[in-house]
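Source: prediction; values computed, not measured. The analysis underlying the following values was restricted to heavy atoms, covering all of them including side chains, and did not include hydrogens, waters or symmetry mates.
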Amino acid sequence: MKAAEFHQARKFAETASGRIAYVESGTGPAALFVHGFPLNGFAWRGALEDLAATRRCIALDLMGLGYTEVGVEQNLEFDQQAAMIAGFLDRLGLSQVDLIGNDTGAGISQVFAARYPSRLRSLTLTNCEVHDLWPNAMLKSVLDQFADPSIIATLNAMLQSPAVARQAFSSVYEDPEHIPDEAFKTYFEPVLSSDQRSRNLRRFASLGNVQVMVSVAPQLRELAVPTQVVWGDADTVFDVKSVDWLKNNVGGVRRVIMVPRGKLFFPEEHPKLMSVLLREFWRSLS
């Protein structure tokens, strides 16, 4: 899916949390894809195309990111993002979905699973925030950068020059040269389009979410939703010890798959791998 097609396909769902931007493709049981920070639903473009024959694939933009529209005072922490997803599913008339998350999208997916387990057929988690095992030194440095207003000038430089963006994102992509120029434009353009959107972007990066993640641990231990963990083993943002925590503390875990050389955003770089693993997992549940 090219950026022009992504923009043309965009819809909005009116919810109590705001106007939630989303793109969908395909028919069948619904699968909801939740992106990471500071990306948007375009990160799932490959999976949406690959899986459209077997699923109604939906990729939303989280509050504070992408093209979703929220108020200046809207709470953007993980528990409120999970509540937004519940309202979004209500608005689309969806009682259950297969939920797939990457990075912060998978952290929020854990909160959603803990709070709304009956809304899930299955859960797929990739590299993400886990309990109190984050942030490591690298992620803390990134969060500190976003706390400084100068990050907006840095992101504007990335918007103007994909080469600058690729260099900055070299730690989260296995090969940033394979990420098209239009991807960086699609990620940065909406969040830099107004002062309010830029403030929301900066507010999104909150360490208050550590407490939210810790708070849902008891519910995750009781979770019966079939869950798979797919983890890039070269990630420097979230430590690999997180995998053991998920395996031992999420009740529904059926399998754990390590992706050699995979970095944080490997699902975007390797959509066909994700599609194969998702189809295989979903078939095993039928």
Can you check side chain to side chain contact (heavy atoms under 4.5 Å, CB included) on Asp132 and Gln211, steps first, answer last?
-> CA-CA 8 Å; Asp132 62 355; Gln211 285 70 44; over 6 Å; no
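- Nearest approach of Pro190 to Gly66, heavy atoms of both residues: CB-O, 3.3 Å.
- For the pair Asp61 (side chain) and Gly41 (backbone), a donor-acceptor distance under 3.5 Å is present.
- With a 4.5 Å cut-off on side-chain heavy atoms, Leu246 and Gln110 count as touching.
- Gln196 contributes a side-chain N or O that, together with a main-chain N or O of Val70, makes up a donor-acceptor pair within less than 3.5 Å.
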Test salt bridge (charged side-chain N to carboxylate O under 4.0 Å, His left out) applied to Lys241 and Asp244, step by step = CA-CA 5 Å; Lys241 62 185 178 183; Asp244 286 334; over 6 Å; no
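- Considering all non-hydrogen atoms of both residues, Ala114 and Val216 come closest at CB-CB, 3.6 Å.
- A salt bridge is defined here as a Lys NZ or Arg NE, NH1 or NH2 lying under 4.0 Å from an Asp or Glu carboxylate O, and Arg45 with Glu268 meets this definition.
- Judged by distance alone, the side chains of Thr126 and Trp231 never bring a donor and an acceptor atom under 3.5 Å apart.
- Note that CD of Glu177 is 5.5 Å distant from CZ of Arg166, once rounded to the nearest 0.5 Å.
- Taking every heavy atom of both residues into account, Ser198 and Ile152 meet most closely at CB-CD1, 3.7 Å.
- For Glu77 (side chain) and Asn209 (main-chain N/O), no donor-acceptor pair under 3.5 Å exists by modelled atom type.
- The shortest distance between side-chain heavy atoms of Thr68 and Leu60 does not fall below 4.5 Å.
- Geometric assessment of Arg91 against the ring of Phe88 yields a negative cation-pi assignment under the 6.0 Å and 45° thresholds.
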Given Thr104 and Glu129, is the side-chain hydrogen bond (donor to acceptor under 3.5 Å, both in side chains) satisfied, shown in steps?
-> CA-CA 6 Å; Thr104 296; Glu129 299 89 347; 2.8 Å; yes
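- No donor-acceptor pair closer than 3.5 Å links the side chain of Ser161 to the backbone N or O of Ala157.
- Side-chain contact between Asp175 and Glu269 is present, with at least one heavy-atom pair separated by less than 4.5 Å.
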Please walk me through it: do Asp181 and Lys185 pass salt bridge (charged side-chain N to carboxylate O under 4.0 Å, His left out)?
-> CA-CA 7 Å; Asp181 292 357; Lys185 181 178 181 181; over 6 Å; no
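- Nearest heavy atom pair, residue Met158 against residue Ala168, reads CE-CB, 3.4 Å.
- Taking a 6.0 Å sphere around CD of Glu14, one finds it holds more than 12 heavy atoms contributed by other residues, nucleotides or ligands.
- Applying the 6.0 Å contact sphere to CZ of Arg261 captures no more than 12 heavy atoms from other residues, nucleotides or ligands.
- Of the possible donor and acceptor atoms, one in the side chain of Ser242 sits under 3.5 Å from a partner among the backbone N and O of Asp239.
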Side chain to side chain contact (heavy atoms under 4.5 Å, CB included) between Leu285 and Arg254, worked out | CA-CA 10 Å; Leu285 306 178; Arg254 300 284 185 89; 3.4 Å; yes
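- Classification of the Phe78-Trp134 ring pair by plane angle, with boundaries at 30° and 60°, yields parallel.
- The shortest distance between side-chain heavy atoms of Val230 and Val259 falls below 4.5 Å.
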Show your reasoning for whether salt bridge (charged side-chain N to carboxylate O under 4.0 Å, His left out) applies to Arg121 and Asp98.
-> CA-CA 5 Å; Arg121 276 190 306 272; Asp98 297 296; 3.1 Å; yes
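- Counted by atom type alone, Ser17 and Gln80 present zero donor-acceptor pairs between their side chains at under 3.5 Å.
- The CG atom of Leu223 sits 7.5 Å away from atom CG of Leu120, with the distance rounded to the nearest 0.5 Å.
- Side-chain contact annotation: Arg255 with Gln228, donor-acceptor N/O pair under 3.5 Å present.
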Yes or no on side-chain hydrogen bond (donor to acceptor under 3.5 Å, both in side chains) for Asn200 and Arg203, after CA distance, side-chain angles and deciding distance?
-> CA-CA 5 Å; Asn200 284 342; Arg203 288 198 302 119; 2.8 Å; yes
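- Between Val97 and Ile58, every side-chain heavy-atom pair lies at or beyond the 4.5 Å cut-off.
- Looking at Val237 and Asn127, their side chains never come closer than 4.5 Å, going by heavy atoms from C-beta outward.
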Where do Phe204 and Gln81 land on the side chain to side chain contact (heavy atoms under 4.5 Å, CB included) test, with the steps shown first?
-> CA-CA 10 Å; Phe204 189 100; Gln81 299 279 359; 3.3 Å; yes
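- Rounding to the nearest 0.5 angstrom, the gap separating the CZ atom in Arg115 from the CD atom in Gln219 is 6.5 Å.
- Within the model, atoms CE of Met274 and CG of Leu51 stand 9.0 Å from one another, a figure rounded to the nearest 0.5 Å.
- Judged by the 6.0 Å distance and 45° axis criteria, Arg10 is not positioned over the aromatic ring of Tyr22.
- Val276 and Leu123 fall into different hydrophobic clusters, where Ile, Leu, Val, Met, Phe, Trp and Tyr side chains are chained together by heavy-atom contacts under 4.5 Å.
- Checking His270 against Glu174 by side-chain atom types alone, a donor-acceptor pair falls below 3.5 Å.
- Under the 30°/60° scheme for interplanar angles, the aromatic rings of Phe188 and Phe184 are found to lie parallel.
- Distance check, rounded to the nearest 0.5 Å: CG of Asn136 to OG1 of Thr236 gives 7.5 Å.
- Considering only residues two or more places apart in sequence or on other chains, Ala217 meets the side-chain contact (heavy atoms from CB on, under 4.5 Å) condition with His131, Arg221, Trp245.
- Within the 4.5 Å cutoff, no side-chain heavy atoms of Ile20 are placed close to those of Glu69.
- Side-chain atoms of Val212 and Val111, non-hydrogen and from C-beta on, do get closer than 4.5 Å to each other.
- With hydrogens and angles ignored, the 3.5 Å screen pairs a side-chain donor or acceptor of Arg202 with a backbone N or O of Phe146.
- Remark: side-chain polar atoms of Asp103 are paired, donor with acceptor, to backbone N or O of Phe37 under 3.5 angstrom.
- When each of Ile257, Val130, Val256 is paired with Val243, the side-chain contact (heavy atoms from CB on, under 4.5 Å) condition holds for Val256 and for no other.
- Atoms OG and CG, on Ser122 and Leu278 in that order, are 8.0 Å from each other to the nearest 0.5 Å.
- His35 has its ring centre no less than 6.0 Å from the ring centre of Phe42.
- In terms of heavy-atom proximity, Cys57 sits nearest to Ala47 at SG-O, 4.5 Å.
- Lys2 places no side-chain N or O within donor-acceptor distance of the main-chain N or O of Glu182, the cut-off being under 3.5 Å.
- Proximity of a side-chain donor or acceptor of Asp235 to a complementary backbone N or O of Phe238 within less than 3.5 Å is detected.
- Across all non-hydrogen atoms, the minimal contact from Tyr67 to Ala21 is C-CB, 3.7 Å.
- Remark: Arg19 is positioned above the aromatic ring of Phe12, its terminal NZ or CZ atom under 6.0 angstrom from the ring centre and at most 45 degrees off the axis.
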